[in-house]
Amino acid sequence: MKQLPIVYLYPGMPWTKGSSRQTYLVEALAEQTEVVFLSTAPYTRNPLQVQMPGIRQDGENLLVVENALGYQMNRIAKRLNWLQAKLDGRNLRRVLRSRGIEEYVFWLSVPGPEWMRGVRTDRMVYDCIDPCFFPHEQAAFDAKEYRVVAESKLVFCTAQTLLERIQKVHKRTFLLNNAIWLEDFGVQNSAPLPLPKPLQNRPRPMIGYMGSIDWRVDTETIFAAAQSLSEYTFCIAGRVNQDQEHRVTELRKLPNVVMPGSISIEEGPAYNAAFDVGLIPYLPGDIGDSINPVKMYMYLSMGKPIVTTWVRECYQNRPLVSATQTPEEFTAAIKQAVNEIGSEQRHARLAFAAHNTWRDRARQAIEKLNEFSLLRIP
C-alpha cells in the first residue's frame, strides 16, 4: 500500500510554525505522514507581483510550496476567473511532480469553492473551523460551504454545534477539536518562565485573558468582575481591534487592569504561567457556541482554574471549567476559583490537557482518512 501526502491549504496564510490551528495541526500531521503546506501570501493588486511557486523541505515529512496559487491571490489577476485557477493548477502540478507527487489528499480549511479549482479534489477533506460571523451573510455563506461539503469525501468540525449542522448534509462528518502542544504551554515548562514586565509588582491573584478583543468578547462582564474584585489584578493580553476600542475605554481606566496589547507567540507561555485563573469571556449565542477555544486547552495544560461565560464548548466541559450565565455569577466564580488554586482539581485539568494534544488530533484525523481509504492506495 502506498501512503499519499496531504496537501493543505488555508488561503492567505504563509507558513509560520506555531501561529494557528492550521499550522499546529500541520506540524502534528507531518509527524505521521507527508504533508505539503501551500503557503500563500496575502492578496496583492500588482499583477507583476505574481511569482512562480517553489517547493522546499521544512522537516522530514513537511514540504512548503512558497507563492502557491499566486494568480488567485492577486486581486487583478483573479478577474481572469477560470484562467487564473488553470495557471495556478499547472504551476502547482509542476512543483509537486518535481517531488514525485501525482496523487494526494487535498485538505481545505475555508468554505470557499473557488479554492477547489486547479487542485485534485477526488480525495478532498474539508476542515470546518468557524461559523459565519455576520448574520446578514449567512445565506451566501451556507451556499458556498455546502458546495465545498458536497465535494468533500470527509469533513472535520472543530465544535459540536458545527458538527451537528454539517452532519445534516454529509454523513462522513466528524469532530476534530482544537488542542495544545504541551511542549509549548505544558506545566512542565512553567517554572522557569519569568513574570512578564507589565505584571511585575502587581498584586496577586492574577486573573488573565489571552486573545484578541473583537466583537465576540463580553467586555461588559470583564469590566463588572474587574470593578468588583479591585484587589485582584486583571490582565487582558492581546490586540484590541480598532472598532472595539470604545468598548474597553472604561476597562482601561481601572487601576487593577493591565492591557499590554498584542503579545508574541514566544511571550504567550509566560503570560499563561503568570495567570492564577484563566478567562474565556465570549458572548453567548450561536456564534459563541461554535467556537472551540484553543485557550481552554492552553489554560488547562498548566492546571489553571477557568471561568467562562455560557458558551457550549466550555459549559460541556464542566467541572473542569466554571461556566457562568450572568456577570454576577462570573465574578463569584472567579473568587471561588482563586480559593481552589492548587486543589486536587488541578490534576484533572492536567490529565485532560495531556489527552488533548495536537498529536492526538493528528492521529484521530489519520485514522478517519484510513477508515475511508483516502490516504492509502494499492
Side-chain angles (χ1 to χ4, degrees), residues 3 6 8 10 13 15-35 37 58-62 105 107 109 125 127-130 154-160 162-163 174-193 208 210-211 264-273 275 278 280 291-306 308 311-314 316-321 345-371 375:
Q3 185 150 310
I6 295 171
Y8 191 103
Y10 187 83
M13 177 178 283
W15 174 246
T16 304
K17 289 185 177 181
S19 60
S20 64
R21 168 190 168 88
Q22 292 84 357
T23 58
Y24 290 137
L25 185 56
V26 163
E27 287 182 68
L29 288 168
E31 290 186 353
Q32 302 185 48
T33 191
E34 187 176 21
V35 181
F37 185 88
D58 201 273
E60 183 177 353
N61 285 327
L62 178 60
V105 173
W107 188 306
S109 295
V125 172
D127 199 5
C128 179
I129 296 173
D130 291 316
L154 187 63
V155 179
F156 293 120
C157 296
T158 56
Q160 187 68 31
L162 300 176
L163 176 76
F174 302 95
L175 197 64
L176 194 69
N177 287 143
N178 288 317
I180 188 71
W181 277 118
L182 293 178
E183 293 87 342
D184 292 339
F185 284 96
V187 68
Q188 66 269 29
N189 296 329
S190 63
L193 296 176
M210 187 155 39
S264 67
I265 295 171
E266 294 74 21
E267 292 175 307
Y271 276 92
N272 192 35
F275 298 160
I280 304 178
I291 301 170
N292 182 247
V294 173
K295 58 182 63 64
M296 178 174 66
Y297 304 95
M298 180 182 68
Y299 298 147
L300 291 173
S301 73
M302 287 190 176
K304 308 293 184 180
I306 301 175
T308 82
V311 289
R312 184 174 183 178
E313 293 294 302
C314 293
Q316 69 185 12
N317 280 304
R318 294 171 293 170
L320 291 174
V321 304
Q345 189 72 358
R346 181 174 184 272
H347 299 292
R349 299 182 194 114
L350 294 174
F352 180 89
H355 290 92
N356 286 273
T357 69
W358 287 113
R359 289 189 179 92
D360 293 314
R361 298 294 179 259
R363 282 193 292 269
Q364 293 166 16
I366 288 175
E367 284 174 4
K368 287 301 178 184
L369 288 169
N370 286 329
E371 179 181 340
L375 200 59

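For reference, positions follow the sequence shown, starting with 1.
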List the atom of [X], the atom of [Y], and the distance in Å for their closest heavy-atom pair.
X	Y	value
Pro293	Ile280	CG-CG2, 4.1 Å
Ser301	Met298	OG-O, 2.7 Å
Leu62	Ala30	CB-CB, 4.1 Å
Leu175	Leu163	N-CD1, 3.7 Å

I want to check something: taking the side chain as every heavy atom from C-beta on, are [X] and [Y] in contact at a cut-off of under 4.5 Å?
X	Y	result
Thr23	Met13	yes
Tyr299	Val321	no
Gln22	Ile129	yes
Leu176	Lys368	no
Leu29	Ile366	yes
Leu25	Asp127	yes
Pro305	Gln345	no
Tyr297	Thr357	no

Roughly how far, to the nearest 0.5 Å, is [atom2] of [Y] from [atom1] of [X]?
X	Y	atom1	atom2	result
Gln160	Gln316	CD	CD	6.0 Å
Asn317	Leu300	CG	CG	8.0 Å
Met302	Arg346	CE	CZ	10.0 Å
Asn292	Asn178	CG	CG	4.5 Å
Glu60	Glu31	CD	CD	10.5 Å
Thr16	Phe37	OG1	CZ	8.0 Å

Test of understanding: with salt bridge (Lys or Arg N to Asp or Glu O under 4.0 Å), list the residues that count as partners of [X], not counting sequence neighbours.
X	answer
Asp130	none
Arg361	none
Glu367	none

Counting only N and O atoms by type, is there a donor-acceptor contact under 3.5 Å from the side chain of [X] to the main-chain atoms of [Y]?
X	Y	value
Arg21	Asn177	yes
Lys304	Ala273	yes
Asn272	Gly268	no

(request) Tell me, with the steps shown, if Val125 and Leu369 meet side-chain contact (heavy atoms from CB on, under 4.5 Å). (result) CA-CA 9 Å; Val125 172; Leu369 288 169; 3.6 Å; yes

(request) Any chance you could lay out the side-chain contact (heavy atoms from CB on, under 4.5 Å) test for Lys295 and Ile306, step after step, and finish with the verdict? (result) CA-CA 10 Å; Lys295 58 182 63 64; Ile306 301 175; over 6 Å; no

(request) Determine, step by step, whether Gln364 and Phe174 satisfy the side-chain contact (heavy atoms from CB on, under 4.5 Å) criterion, reporting the C-alpha distance in whole Å, the side-chain angles of both residues, the deciding distance to 0.1 Å, and the verdict. (result) CA-CA 10 Å; Gln364 293 166 16; Phe174 302 95; over 6 Å; no

(request) Hey, can you tell me if Trp358 and Tyr24 have their rings parallel, tilted or perpendicular (30° and 60° cut-offs)? (result)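 Trp358 and Tyr24: parallel rings.
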
